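Please read these numbers as outputs of a predicted model, since none were measured by experiment.
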Amino acid sequence: MRKKIIAGNWKMNKTPKEAVELTRMLKGLVDTDKSDVVFCVPAIDLIPVGEVLKGTNISLGAENVYYEESGAYTGEISPSMLKEVGVKYVIIGHSERRQYFAETDETVNKKVKKILEHDMIPIMCCGETLEQREAGITIEHIRIQVKKGLRDLSASDAEKVIIAYEPIWAIGTGKTATSNQAQEVCHAIRTVLGEIFGDTAEKMRIMYGGSVNGKNAAELFTMADIDGGLVGGASLKADFEKIVNY
Ligand code: PGA
């Protein structure tokens, strides 16, 4: 049995002070050991949010990392920096980073490896545009993203990686993929994982993301190949409780 994982992706929201307030408000509502619950927060909020989460079952997550250890990379944050402040999960390759910050499958692959080297867990995102869906090339596109992102990983490393399937047309739009659409792609992801890593694919967790809310979470998260959700907008509100306790 794969343990469910529900991660909030705060994106570029909440100053450190606001982040502490939100964490205090949410932590009592979503502190459970039935699923893995993660707050992925802006880098500047990691330390104060981590303080508030101490003594709970909720894990701390980052939204990005750089793949070098240290050096002349102005503005970047290294894996050891995240590790030292208690980060357990790191979102990699979110479509917003691919779209606005030139993230590619190649940089995603480098980051995934670095995160694993530092004993943290990558949440590697993939997803198609509306144009790709309408052209009928969703599965091909996702297979390429998964293969390139996980290139040269051993099965034992791959087992730790979490894949987040996020159709770009469903992110922040209020337009959720139907549970069948989401399951179809998550199943295709497990198939390609099986081709690469064999039986390990059955142990790997695949999340769905894109307009998940308190109303649609239960239906999505009980599909055979969906092991939880990556939640943007609704993770900043009390509604997150309904998603975690779906
Ligand atoms: P959303 O964002 O839940 O606001 O659609 C999901 C995500 O981008 O991770």
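The number of heavy atoms from other shown groups lying within 6.0 Å of CD1 (Ile47) does not exceed 12. By the 6.0 Å contact criterion, CD1 on Ile137 is enclosed, its count of non-hydrogen atoms from other residues, nucleotides or ligands being greater than 12. The neighbour count for Lys148 NZ, taken as heavy atoms of other residues, nucleotides or ligands under 6.0 Å away, does not exceed 12. In this structure, Lys215 places its NZ atom where only 12 or fewer heavy-atom neighbours from other residues, nucleotides or ligands lie under 6.0 Å away. Remark: Gln132 CD is packed, more than 12 non-hydrogen atoms of other residues, nucleotides or ligands lying under 6.0 Å away.
Neither side chain, Gln99 nor Ser95, offers a donor N or O lying under 3.5 Å from an acceptor on the other.
Taking all atoms of both residues into account, the shortest heavy-atom contact from Ser80 to Glu69 is OG-OE1, 3.7 Å. Contact record, Asn64 with Leu82: O-CD1, 3.7 Å, taken as the closest heavy-atom pair. Residue Ser179 comes nearest to Leu220 through the heavy atom pair CA-CD2, 3.8 Å, listed as atom of the first residue, atom of the second, then distance. In terms of heavy-atom proximity, Lys237 sits nearest to Leu26 at O-CD2, 3.5 Å. Residues Ile121 and Ile162 come closest through the heavy atom pair CG2-CD1, 3.8 Å. Of all heavy-atom pairs spanning Leu236 and Leu22, the tightest one is O-CD1, 3.5 Å.
Side-chain atoms of Asn216 come within 3.5 Å of backbone atoms of Ser211 as a donor-acceptor pair (strictly under, hydrogens ignored). One N or O on the side chain of Asp239 and one on the backbone of Gly214 form a donor-acceptor pair closer than 3.5 Å. Side-chain atoms of Glu128 do not come within 3.5 Å of backbone N or O of Ile139 as any donor-acceptor pair. The main-chain N or O of Ile168 is never found under 3.5 Å from a side-chain atom of Arg133 such that the two would form a donor-acceptor pair. Side chain of Asp31 to backbone of Lys27: no donor-acceptor contact under 3.5 angstrom is found. Side chain of Tyr165 to backbone of Ile142: no donor-acceptor contact under 3.5 angstrom is found. In this structure, the side chain of Tyr89 does not engage the main chain of Ile91 through any donor-acceptor pair within 3.5 Å. Here the side chain of Thr173 pairs a donor or acceptor atom with the backbone of Trp169 at under 3.5 angstrom. For the pair Asn13 (side chain) and Trp10 (backbone), a donor-acceptor distance under 3.5 Å is present. Within the 3.5 Å criterion, the main-chain N or O of Asn109 finds no donor-acceptor partner in the side chain of Arg151.
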Exercise for review: For the pair Glu84 and His118, evaluate side-chain hydrogen bond (donor to acceptor under 3.5 Å, both in side chains) and give the outcome as yes or no after the intermediate values.
Suggested key: CA-CA 10 Å; Glu84 189 175 307; His118 287 263; over 6 Å; no
Practice item. Apply side chain to side chain contact (heavy atoms under 4.5 Å, CB included) to the pair Lys14 and Val49, showing each step before the final yes or no. Key: CA-CA 11 Å; Lys14 305 297 167 187; Val49 168; over 6 Å; no
Practice item. Could you walk me through whether Leu116 and Leu153 pass side chain to side chain contact (heavy atoms under 4.5 Å, CB included), step by step? Key: CA-CA 10 Å; Leu116 290 167; Leu153 253 64; 3.8 Å; yes
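Between Tyr67 and Pro79, the closest side-chain pair of non-hydrogen atoms is not below 4.5 Å. Residues Leu46 and Leu60 are in side-chain contact: their nearest non-hydrogen atoms beyond the backbone lie under 4.5 Å apart. When side chains are defined from C-beta on, His94 counts as touching Lys11, because their heavy atoms get closer than 4.5 Å. Side-chain contact between Ile163 and Leu150 is present, with heavy atoms from C-beta onward closer than 4.5 Å. You'll find the side chain of Lys83 reaches within 4.5 Å of the side chain of Asp119, heavy atoms only. Looking at heavy atoms from C-beta onward, Ser78 lies out of side-chain contact with Tyr66 at the 4.5 angstrom threshold.
With Ile92 as the partner, the side-chain contact (heavy atoms from CB on, under 4.5 Å) test is satisfied by one option alone out of Glu63, Arg97, Lys111: Lys111. When each of Arg205, Lys3, Arg190 is paired with Asp227, the side-chain hydrogen bond (donor to acceptor under 3.5 Å, both in side chains) condition holds for Arg190 and for no other.
Ile6 and Val38 are not part of a single hydrophobic cluster, where members link through side-chain heavy atoms under 4.5 Å apart.
Ion pair Arg2/Glu202 flagged as a salt bridge, since at least one NZ, NE, NH1 or NH2 atom sits closer than 4.0 Å to an Asp/Glu carboxylate oxygen. Ion pair Arg98/Asp105 flagged as a salt bridge, since at least one NZ, NE, NH1 or NH2 atom sits closer than 4.0 Å to an Asp/Glu carboxylate oxygen. Contact check on Lys114 versus Glu117 returns a salt bridge, with a Lys/Arg side-chain nitrogen under 4.0 Å from an Asp/Glu carboxylate oxygen.
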